[in-house]
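Just below is one structure, and these are the notes that go with it.
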2 protein chains.
Amino acid sequence: MMELTRKGEYAIRGIVYLAGKPLDKVCLLSDIAAAVDVPPTFLAKIFQQFSKIGLVRSFRGTGGGFMLGRAPENITLLEVVEAVEGPIIPNRCVCAPQDCDRSSFCNVHPIWKQVQEQVCGVLTGVTLKDLSDGKIKPQPTDLAK
Amino acid sequence: MMELTRKGEYAIRGIVYLAGKPLDKVCLLSDIAAAVDVPPTFLAKIFQQFSKIGLVRSFRGTGGGFMLGRAPENITLLEVVEAVEGPIIPNRCVCAPQDCDRSSFCNVHPIWKQVQEQVCGVLTGVTLKDLSDGKIKPQPTDLAK
DNA sequence: CCTAAAAGGATACATAATGTCTTTTTAGGG
DNA sequence: CCCTAAAAAGACATTATGTATCCTTTTAGG
């Protein structure tokens, strides 16, 4: 359960690679794909999605390629993951409570809500800069224990 | 991402129903399925799995049926979820770090580990008794904020 | 032995994941 | 103005997973 897909894994690899480059450097898709070991055609699809929502910027034609859409310290891992996997929804009822109007067993609802919040919390706390720097910030929840 | 399957949803419904019955009461599969609105044949498969690992006990033949395998306060939601969905693994690399020996992008590894711990933490904090009682205990993480 | 009930196995269908291929558009450079 | 490089877009193929259903077998009570 809760498993990131290949697509998600590839997306993170690719965009973290971009985050490690200068903001104005245009990178060839084929170079990125080779560097992070992802099928180029697949990565193309992912970056097309990212381009539409501004996570990356793309340039066509000769000398074209991709660069990060914004400064890496302003892009959270949550944003990347949700862009490629859709929203973090442990159970349908979290977003559609009307499906949950059964009596007893929908006591579970608040639990899924908690799970969702925890996960989003962790992923929000990490930026692409953190990841490309190799400096992962400890989460508050770690300090707690 | 992270979505519980129907099977998982059905499993929880079914076993929470059992948790609400007296420990020695044998319930007909068909009754359970009808009560929690789950396809009986599907629930049968789920409870067969549960029976093998002792989460529920089954009785065959006339007067047969299912009951909870242990006291509901000793069964956590995590146990139920993992029994039916498999282990909580946000990314393969969490359980197989050898796949993660790439340089930069596996900085993400500790993040997935954190996610895993957070989710398991929440699900461990809830028992079937809590769920069948309708009394969901607030998590430590809630108090923190 | 007859019937009720779960166990086990095989099967069917739909959807999502994981790619690939081809064609089209865009842009730079001679 | 063409030629070439590169991404965009769309169609397609393959597999795996999810979501069941059905049928036969085993077990147990009466």
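The sequence lines fix the lettering, A, B, ..., with proteins before strands; numbering per chain opens at 1.
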Rounded to whole angstroms, how far apart are [atom1] on [X] and [atom2] on [N]?
{"X": "A:Leu28", "N": "C:dA27", "atom1": "CG", "atom2": "P", "value": "17 Å"}
{"X": "A:Gln49", "N": "C:dA17", "atom1": "CD", "atom2": "P", "value": "11 Å"}
{"X": "B:Leu4", "N": "C:dA16", "atom1": "CG", "atom2": "C1'", "value": "17 Å"}
{"X": "B:Lys7", "N": "C:dA14", "atom1": "NZ", "atom2": "C1'", "value": "17 Å"}
{"X": "B:Phe59", "N": "C:dA7", "atom1": "CZ", "atom2": "P", "value": "11 Å"}
{"X": "A:Ile46", "N": "C:dA17", "atom1": "CD1", "atom2": "P", "value": "12 Å"}

With heavy-atom distances below 4.5 Å as the criterion, would you say the side chains of A:Pro39 and A:Tyr10 are in contact?
yes
With sequence neighbours excluded, give me every salt bridge (Lys or Arg N to Asp or Glu O under 4.0 Å) pair touching residues 67-77 of chain B.
B:Arg70-B:Glu79
Remaining members of hydrophobic cluster (4.5 Å side-chain criterion), B:Leu28
none
Go through DNA chain D in 5' to 3' direction and return only the first and the last nucleotide with some atom under 4.0 Å of chain A's heavy atoms.
D:dT4 to D:dT19
[X] side-chain proximity, nearest of [options]:
{"X": "A:Thr5", "options": "C:dA27, C:dA6, C:dA17", "answer": "C:dA17"}
{"X": "B:Leu29", "options": "C:dG19, C:dA6, C:dA27", "answer": "C:dA6"}
{"X": "A:Phe42", "options": "C:dT20, C:dA6, C:dT18", "answer": "C:dT18"}

For the pair B:Gln116 (side chain) and B:Ile88 (backbone), establish whether a donor and an acceptor sit closer than 3.5 Å, ignoring hydrogens and angles.
yes
Within the structure shown, what part of the strands sits under 4.0 Å from [X] by heavy-atom distance: base, sugar-phosphate, or nothing?
{"X": "B:Phe47", "answer": "nothing"}
{"X": "A:Lys45", "answer": "base"}
{"X": "A:Ser51", "answer": "sugar-phosphate"}

Using a cut-off of strictly less than 4.0 Å, decide whether A:Thr41 has a side-chain nitrogen or oxygen near OP1 or OP2 of C:dT20.
yes
Is there a Watson-Crick or G-U wobble partner for C:dG19 with both distances under 3.5 Å, and if so, which one is it?
D:dC12
Just to verify, what does A:Pro110 make a side chain to side chain contact (heavy atoms under 4.5 Å, CB included) with, not counting sequence neighbours?
B:Ile136
Residues passing the side chain to side chain contact (heavy atoms under 4.5 Å, CB included) test with B:Arg60, sequence neighbours excluded, are none
Take B:Thr62 and A:Gly63, find for each the nucleotide of DNA chain C with the closest heavy atom, and name the residue whose nucleotide sits nearer the 5' end.
B:Thr62
Below 3.5 Å, can you tabulate the donor-acceptor pairs from side chains in residues 41-50 of chain A to any protein atom, sequence neighbours excluded?
{"unit_1": "A:Gln49", "atom_1": "OE1", "unit_2": "A:Lys7", "atom_2": "NZ", "d": "3.1"}

Closer to the 5' end of DNA chain D via nearest nucleotide, is it A:Gln48 or A:Gly61?
A:Gly61
Give a yes or no on whether a donor-acceptor pair under 3.5 Å exists between the nucleobase atoms of C:dT25, that is its base, and the side chain of A:Arg60.
yes
